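This report concerns only the one structure given below.
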Protein chains: 4
Amino acid sequence: MKPPNEQDPKLRILHAATALFSQKGYDATGVNEIAKKAKVNKALIYYYFENKEAILGSLIDSLMSSVYAITLAFANDCIDVMAEDGSLVVEEGAFFFASHKAMEGFTTKLHAYYKEVVDYTLDNRAIVRILMFESLKGGKHQSSLFRFMELMEKKPDNPLYKTLGIGQQDFNYHEATVFYEFFFSIIPLVSIAAYYDEYQAKSHLSDERLREFALRSYMAHAETNSLRKLFVTES
Amino acid sequence: MKPPNEQDPKLRILHAATALFSQKGYDATGVNEIAKKAKVNKALIYYYFENKEAILGSLIDSLMSSVYAITLAFANDCIDVMAEDGSLVVEEGAFFFASHKAMEGFTTKLHAYYKEVVDYTLDNRAIVRILMFESLKGGKHQSSLFRFMELMEKKPDNPLYKTLGIGQQDFNYHEATVFYEFFFSIIPLVSIAAYYDEYQAKSHLSDERLREFALRSYMAHAETNSLRKLFVTES
Amino acid sequence: MKPPNEQDPKLRILHAATALFSQKGYDATGVNEIAKKAKVNKALIYYYFENKEAILGSLIDSLMSSVYAITLAFANDCIDVMAEDGSLVVEEGAFFFASHKAMEGFTTKLHAYYKEVVDYTLDNRAIVRILMFESLKGGKHQSSLFRFMELMEKKPDNPLYKTLGIGQQDFNYHEATVFYEFFFSIIPLVSIAAYYDEYQAKSHLSDERLREFALRSYMAHAETNSLRKLFVTES
Amino acid sequence: MKPPNEQDPKLRILHAATALFSQKGYDATGVNEIAKKAKVNKALIYYYFENKEAILGSLIDSLMSSVYAITLAFANDCIDVMAEDGSLVVEEGAFFFASHKAMEGFTTKLHAYYKEVVDYTLDNRAIVRILMFESLKGGKHQSSLFRFMELMEKKPDNPLYKTLGIGQQDFNYHEATVFYEFFFSIIPLVSIAAYYDEYQAKSHLSDERLREFALRSYMAHAETNSLRKLFVTES
DNA sequence: AATGAATGAGTATTCATTCAT
DNA sequence: AATGAATGAATACTCATTCAT
């Protein structure tokens, strides 16, 4: 996950910080430790980052923007394109496809999206762990985890929402649904990543099986409780 | 949640520590702060606790033993009693009741148990938060969260398992099930408590509605994915 | 050296303090430790002693008075008696005996005195160690070691000097002699006791041999460099 | 002994520590005091030394290595050179010189060595005091004083012994001799340094006289009890 | 871009001592 | 005579951060 002999000191710092923050937590990690692990002079850290907090901010920002990017890419590359060529119509929170083939194409891409999300989350589980950590504390990053939730909410500043361009106010996301989605879908996904290594140590399961479990559980859950109904309008 | 003018200094210390640990995290909380909040001389903390870690340990221990107690009480008071009077037979992980009335009685008690678990978790959400916090860090308490999981596992040292006295080796808990149960049942329950206040602040939902959501979501989930099937053997 | 089940708490405190002070030094020993080792409540120490310093003072005082007592006893029981019955005349620092028998009697008692001093020093080596310790520090007890030296000095407040009743001003103790006596006689005696256990650990010598070495070295030295010449006036 | 305005902070720390440790003892000296006396920020002490103990270790190490160096220098510069040019033969612990002149040269150098040892000991009496102090306590430095003793022992890892290249197993150091040498030669030498200032305060002797006393007493003792006999083989 | 030295405020912990009972 | 609880000041040590070069 981390090349042994990295060149860029800034990257070395970020990698060292990621490892340490995710193992011992932000507060229990000293700048000295980061410097030692990154094989970098302590003062150099302050050349690249304004303070210790900025390192954490940098890590969390990069995670957040990656997740946003993945979600937006799916919305753009899949939904928008299909909406433009008329093979998909989104209405009142439901998806109407022009043909079975269109729906199959959508489903395939949706599954690929699920896999990408799970993979990305697991690959970057150290930062995910840090994110969970910080979202449990009061402070600047407390709300980070909730921003994932916002991806599902019907708010004007939600880029996914914007992309879909759905305007109905009677969107069927109501409070209970959001609650359920957050605690039984997002939280498990994030937790699987955060507790991955510990769970593996306890269960002695292989990486392959664990990833399979994670993907299947997540997909099963998403499908069962899917808020969006898919229909084919083709006669 | 905390009486304004407590007498026992040791309790004052524990309450202050609970509040601070759950707000800022263990590592970011100073013993000075605890002393100040508990209105206690700093050295007195070391009279009652060997060190800062021991305060944390005391909090987590009391949480763990309460959860164990609740679970065992349910197993003892409900399952054992019914098993003894013959109104319930547990076999191959399934529950066979002598009558509809017996099953109804069981279901009622089960729901009461669910409610008790959810209530206890929410009432003690500060410590639950601390527990989640610490289980994300490497160290002594990392495994605490996983001990909840063990309550569901088929191991000889599991007191619940012992109580049920189920001996079949082909018990239908297999790896995927345990994984699913942990990440889609325990983790959500714990997370609802841990993120309760933050979620409330974001959603502006009343305590009543949130608790209702929590209980319903948890019960719905537990029932849907219930591992134990319930049957009535009555002709 | 220390009875296992002592009754008197004050004695238990003194013994515990002796052991700890001699092992780790006064400053590195906590009142808590003393209380624990003495199996006594910490506050009780302050019932018997004004403060920690008073424990040390008590130990050193008892050592000093014992040494004084031994020396005075020798002077009284031996020299005074012989001086009174005319079998010994002390003049200008030299000892003139009335007969060979008188001198032999004196020598025998002198050797017994040497043995008693060495034995007492070794038996109480823990306190001797403490004394050396404290005499190396600035402070109240710095001068304790030097009070041994004063036993040899020609000062009006020297009880030994008083006992001998020697009045000559040209007493042949001059500065170099006192210096030599102190550093090559008193200091070795005290050091043998202070380093006894450590030396034994290094050399693997038995208690018997070590005590024999100590006594012989000390006697040889005392005799060789004896300032007091012994004469027989008998024709 | 200490320049008023030193530049190197590390040296300032060492000098301040030396003064304080030798006055009040290691345990009674606070790091705060050292910092204040050295006019240095407290944290800087921990920049240069791992902990308080390391300061002490540094002081004792430098003393030990100096003493070793002085002794080795004498052995190398004097004995080795004479042994190589044939003017000195060492056999069975005795020294045989080719000529009176050779012996005189040796004696002169030996006396210079004595003087150097005494001078060094007195000049560095603060550290010597600390060494005595620590060798009375259990712990890391307890054995330091005994290492001086080892300089006289016939062990393969003794550098002096190696240099002399004496191989006879019947070397006349036996247990009693080592005991005597240690307690009546090394201990007095060390004690003279350790108690120098206190003795001076009591005796009101000038530095010159005290140093003269010290040197003479030491030389007299060393010569009287010299283990090595000196002979001239010249006809 | 990089570093060794330096710092003030803070950390957890221990101290000798006192008090009420 | 004895004790559990309490305390203010001090302890050794660490922190994130800065500065001069």
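What's counted below: heavy atoms across the whole structure, side chains too, no hydrogens, waters or symmetry copies. A quick note: this is a predicted structure, and the numbers were derived from the prediction, not measured. Naming convention: chains lettered A, B, ... in sequence-line order (proteins, then strands); numbering from 1 in each chain.
Put simply, CG on D8(C) is 14 Å from C1' on dA2(F), counting in whole angstrom units. The nearest whole Å value for the distance from the NZ atom in K36(C) to the C1' atom in dA16(E) is 15 Å. Between the P atom of dA6(E) and the NZ atom of K10(D) lies a distance of 12 Å, rounded to the nearest Å. Distance, N32(C) CG to dT17(E) P: 12 Å, rounded to whole Å. Residue K39(C) contributes atom NZ, which lies 16 Å from atom P of dA2(F) at whole-angstrom precision. Look at CG on N41(D): it is 15 Å from C1' on dG4(E), rounded to the nearest Å. The NZ atom of K24(A) sits 12 Å away from the C1' atom of dT14(F) (whole-angstrom rounding). Between the CZ atom of R12(B) and the P atom of dA5(F) there is a distance of 14 Å, rounded to whole Å.
Picking from dT11(E), dT13(E), dG8(F) the nucleotide with the shortest atom distance to the side chain of K52(B) gives dT13(E). Listed nucleotides dA6(E), dA1(F), dA2(E) differ in distance to P9(D); the shortest reach to its side chain belongs to dA6(E). Ranking dA6(E), dA1(F), dT7(F) by closeness to the L44(D) side chain, first place goes to dA6(E). The side chain of V31(C) sits closest to dT17(E) out of dT17(E), dT13(E), dT7(F). When distances are taken from the side chain of Y46(B) to each of dC19(E), dC15(F), dT13(E), the shortest belongs to dT13(E).
For the pair Y47(B) and dA6(F), the criterion of a side-chain N or O lying under 4.0 Å from OP1 or OP2 is not met.
Of the nucleotides present, dA6(F) is the one that pairs with dT17(E) by Watson-Crick or G-U wobble criteria, both distances under 3.5 Å. Partner assigned to dA1(E) is none, using Watson-Crick or G-U wobble distances below 3.5 angstrom.
Positionally, the nearest nucleotide of DNA chain F for A43(C) lies more toward the 5' end than for the other of A43(B) and A43(C). A residue-by-residue look at T29(C) and I45(A) shows that I45(A) has its nearest nucleotide of DNA chain E further toward the 5' end. The 5' end of DNA chain F is approached more closely, in terms of each residue's nearest nucleotide, by G30(D) than by the other of D27(A) and G30(D).
Residue K37(C) holds its NZ atom at 13.5 Å from CZ of R12(C), rounded to the nearest 0.5 Å. The CD atom of Q23(B) lies 9.5 Å from the CD1 atom of I130(B); values are rounded to the nearest 0.5 Å.
Residue contacts for Y48(A): at a heavy-atom cut-off of 4.0 Å it reaches the sugar-phosphate backbone alone, with no base atom in range.
Taking the ring axis of F49(B) as reference, the NZ or CZ atom of K10(B) stays within 45° of it and closer than 6.0 Å to the ring centre.
For K42(A) and dT17(F), a side-chain-to-base donor-acceptor distance below 3.5 Å is present, hydrogens and geometry of angles not being considered.
A salt bridge links K137(B) with E134(B): the closest approach of a Lys/Arg side-chain nitrogen to an acidic carboxylate oxygen falls below 4.0 angstrom.
No donor-acceptor distance shorter than 3.5 angstrom exists from the side chain of S58(B) to the backbone of A54(B), with no hydrogens or angles considered. For the pair Y48(B) (side chain) and I55(B) (backbone), a donor-acceptor distance under 3.5 Å is absent.
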